[in-house]
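Fair warning: this is a prediction, and the values are worked out from it, not measured in the lab. All ligand and atom numbering here is 1-based and tracks the order in the structure. FYI, the numbering just counts along the sequence from 1.
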Amino acid sequence: MTVRLDATPDQVATAARRVMARCEELARVTSAPGRIERVYLSPEHARVNRLAAEWMRELGMTTHQDAAGNQIGRLEAATGAIPDRDAPALLIGSHLDTVPDAGRYDGIVGVLMGLEVVRLLRVPAPDDAWRSPFPFAIEVAAFSDEEGTRFGKALLGSSALAGTWDDDWWRLTDADGTTLREAFLDFGLDPTRLGEAARRPGDLVGYLEAHIEQGPELDRRGESLAVVSSIAGARRFQLLVEGEARHAGGTPYDMRRDALLGASEAALAIEAICRAEQHIIGTVGQLEVFPGAVNIVPGQARLSVDLRGEFDGERDRTWAAISRELDAIMGRRGLRWSGHQVHSAPAVFCAPILQDVIREGIVSTLPPGSDAPATIFSRAGHDGMALGAVTDVGMIFLRNPDGISHHPDEAVSAADVALGIRALAESVLHLAAEPR
Ligand code: GLV
Ligand code: MN
Ligand code: MN
């Protein structure tokens, strides 16, 4: 098989423009006028799934929304002229859900690039259909929940597909008290059929994901694309600090048990402990104070902790050190604290073979004699973390100007998207050329 993409620069540039235009179109599907927010099992989730399904069918893919609300399109492989519906599939994907006040590209660009890769690689079949040119099918997955914005637990969609769903999650609630189970029913999904979303290792050839970097490394290097070596393991916690609410004027300092001050010291301690570690990042992204009045010493505070690391052991030791420090802080201030974990995902190492084909794909976009492409460890979480439980994972990063993400200013250039589409399509060709 020739390992060279048969596509003109014009075709690839058109594909990239379509990706950019569709990112804009999807950005208009939001629950929050003036900003982008699209959460799991919402009316907006249903709308973007319908759009994605339309775009998949346009490419000759068969489509279905799986039992966890992931939108899947499949381009069949062929045995002679007959579609081989049992062939394993190479899965390409990312997510269509967002954080609150999101940018337009996180996740979305990877799904849309997957569709363009299908467009560039598909071949016509005698029955007027389109087929994968490989002995494997190509599927594009638009995952339904990567961010965990609504239920606090991330990677719900991809965990269902990976077959690692945990029945305890049914009791998770959103900010309105709706349980995950109720949200499934409201969306028209049957919780008892969740297992049908799961794929077996034999069903999949591997999983490839394109994503903006969500950090500044490629921008600083002046490069467009990178191979991802691994994805950080993450744990998320909700902490409760309890003190005593009392009069802001009448209560002397020596009688105060101020939960906000305990939480504030906790946030600073988390920063200090994580900064001292080379590969660990900790963030307190939510802080709420109760009862929350100007003239009351705060009696309770709730805060979130997001902890990530390249290696799970180092991350877990850091959490133990944070816990000890919280004991000390709260002890000094006469406060109690408790924490429960709402999310845990192990670090995932990208498969060497998929790193290799992605590297070859990127090299094909570079002028001859260029330095080898960068290989980067991902500090951000991705659907690949869940997929690692069922198949090999490979990821390609696109330059993200200024490294800003989870913010409306998040950006990627059409030129980098074009290079990314070419690199990803070439990667698939290289994978198909590997001896199996
Ligand atoms: C998802 O984007 C995450 O890394 O939190
Ligand atoms: Mn994100
Ligand atoms: Mn993402």
N/O/S atom name from His406 that is nearest to the position of the Mn ion (ligand 2): NE2
Test of proximity, Asp306 against ligand 1: N or O pairs below 3.5 Å: no
Which atoms from ligand 1 have a heavy atom of Ala380 less than 4.0 Å away? 4 (O)
Under 2.8 Å from the Mn ion (ligand 3), is there any N, O or S atom belonging to Asp106? yes
Nearest-contact summary for atom 1 (C) of ligand 1 - protein heavy atom, Å: Glu147 OE1, 3.1 Å
Restricting to N, O or S, what is the name of the atom of Glu147 that lies nearest the Mn ion (ligand 2)? OE2
I'd like to know whether ligand 1 has His95 as a neighbour, heavy-atom separation below 4.0 Å. no
Is there an N/O/S atom in His382 at a distance below 2.8 Å from the Mn ion (ligand 3)? no
May I ask you to check if ligand 1 and Gly381 share an N or O to N or O distance below 3.5 Å? yes
Over 12 foreign heavy atoms within 6.0 Å of CG, Asp409: yes
Centroid-to-centroid, Phe143 to His382, below 6.0 Å? no
among protein heavy atoms, the one nearest atom 3 (C) of ligand 1 is Arg308 NH2, 3.3 Å
Does ligand 1 have an atom under 4.0 Å from some heavy atom of Arg379? no
For the aromatic rings, using the six-membered ring if either is Trp, is the centroid distance between Phe184 and Trp170 under 6.0 Å? yes
Give the atom numbers and elements of ligand 1 that come within less than 4.0 Å of a heavy atom of Arg236. 3 (C), 5 (O)
Between Gly339 and Leu239, what is the shortest heavy-atom contact and its length? CA-CD2, 3.7 Å
